[in-house]
Peer 1: 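Take a look at the following structure, please.
Just so you know, these numbers use all the heavy atoms, side chains as well, and skip hydrogens, waters and symmetry mates.
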Amino acid sequence: YAAGLDLDLEFQTTPGYKFEEWQVITKNVRDSIILARNSSWKYNDSGIFPGDSWKTNSYDDSFWQEGFGELGYGDGGESTLLDFGTDTLNKHISYYFRQMIHIQNPENFGELALDMLHDDGAVVYLNGVEVFRYNMPSGDVFPETLALTGVGGDDENRYFRHPIPQGSLVSGPNLIAVELHQNQAASSDLGFDLELSGVVQDGLDTLFYEDSRLTLKLSAKTSIKAIT
């Protein structure tokens, strides 16, 4: 049974069987942060496309700059200020970010999610494979591709949750690569930061109930069995 359900169960007596107890097994799961917000990122804010291989693990980013999130300009809360060029009416459209993380036991993680601040649009790759895009058109993305809409108001400082496919992580080094795109060349601000988390199981709790009627509100994934 899934978490959040209200259950009201009663054992129906069957000839030849005597009810003994209910066995309730609850899985203890929690979110584990793999990459925290405000981490350090390699970034390219030159306005020059770094080449198609920029999002692959083998790409040499040693000449890229490095800074802590939030990265961007124009909002006043940035830890790292990015360059937009010399013309305020014709700023860079695209920016590129890379972060290598090391995972020992990827099989320990169930559901994976990215909590991401993106102003305006973004495409995210894990180990060279696109795992999601936000506020970007479908199809091929180029350095001059504009985000679909401008991000404004409270959404400029909001972390949006994006689930990513389970099994995307591998044992050893894993590359998170992000390209951020503006909605217009005269945009007043830009922002990027990201947190990666995964669900891990810490163990099982087993409880027994002797009453033939069982009423529970489930707080986690649970299996229930009538013992006869």
Peer 1: Please enumerate all residues that pass salt bridge (charged side-chain N to carboxylate O under 4.0 Å, His left out) together with Asp61, with sequence neighbours excluded.
Peer 2: Lys42, Arg98
Peer 1: For Tyr43, give me all partners under ring pair (Phe, Tyr, Trp, His ring centres under 6.0 Å), at least two apart in sequence or on another chain.
Peer 2: none
Peer 1: Is the shortest heavy-atom distance from the side chain of Thr80 to the side chain of Gln65 under 4.5 Å?
Peer 2: no
Peer 1: With distance as the sole test, does Asp193 use its side chain to make a donor-acceptor pair with the main-chain N or O of Asn38 at under 3.5 Å?
Peer 2: yes
Peer 1: Give a yes or no answer on whether the side chain of Glu156 reaches the backbone of Asp154 with a donor-acceptor pair at less than 3.5 Å.
Peer 2: no
Peer 1: Output all residues satisfying ring pair (Phe, Tyr, Trp, His ring centres under 6.0 Å) with Phe132, sequence neighbours left out; order by chain, then residue number.
Peer 2: His162
Peer 1: Within the structure provided, determine whether Val131 and Leu112 are in side-chain contact (heavy-atom separation under 4.5 Å).
Peer 2: no
Peer 1: Any side-chain donor paired with an acceptor under 3.5 Å for Ser168 and Asn127?
Peer 2: no
Peer 1: Using the benzene-type ring in the case of Trp, are the ring centres of Trp41 and Phe192 under 6.0 Å apart?
Peer 2: yes
Peer 1: Got a donor-acceptor contact below 3.5 angstrom from the Ser39 side chain to the Ala36 backbone?
Peer 2: yes
Peer 1: Regarding Glu66 and Ser40, do their side chains bring together a donor and an acceptor under 3.5 Å, going by distance alone?
Peer 2: yes
Peer 1: Would a hydrophobic clustering, with Ile, Leu, Val, Met, Phe, Trp and Tyr connected at side-chain separations under 4.5 Å, put Phe63 with Tyr96?
Peer 2: yes
Peer 1: Measure the shortest side-chain to side-chain distance between Ser188 and Phe84 over non-hydrogen atoms and say whether it is less than 4.5 angstrom.
Peer 2: no
Peer 1: Give me the ring orientation class for Tyr134 and His118: parallel if the planes are under 30° apart, tilted from 30 to 60°, perpendicular past 60°.
Peer 2: parallel
Peer 1: May I ask you to test the Pro137-Leu148 pair for a side-chain heavy-atom distance under 4.5 Å?
Peer 2: yes
Peer 1: Determine, using the 4.5 Å side-chain heavy-atom cutoff (strictly less than), whether Leu146 and Val124 are members of one ILVMFWY cluster.
Peer 2: no
Peer 1: Mind checking whether Leu190 and His92 have side chains closer than 4.5 Å, heavy atoms only?
Peer 2: no
Peer 1: Starting from Leu175, can I reach Val123 by hopping between I/L/V/M/F/W/Y residues whose side chains sit under 4.5 Å apart?
Peer 2: no
Peer 1: Can you check side-chain hydrogen bond (donor to acceptor under 3.5 Å, both in side chains) on Tyr95 and Gln182, steps first, answer last?
Peer 2: CA-CA 9 Å; Tyr95 296 77; Gln182 291 281 36; 5.4 Å; no
Peer 1: Is any side-chain heavy atom of Phe160 less than 4.5 Å from a side-chain heavy atom of Met116?
Peer 2: no
Peer 1: Is any side-chain heavy atom of Trp54 less than 4.5 Å from a side-chain heavy atom of Asn44?
Peer 2: no
Peer 1: So do Pro173 and His102 actually touch side chain to side chain, heavy atoms under 4.5 Å?
Peer 2: yes
Peer 1: Shared ILVMFWY cluster between Leu35 and Leu180, side chains joined below 4.5 angstrom?
Peer 2: yes
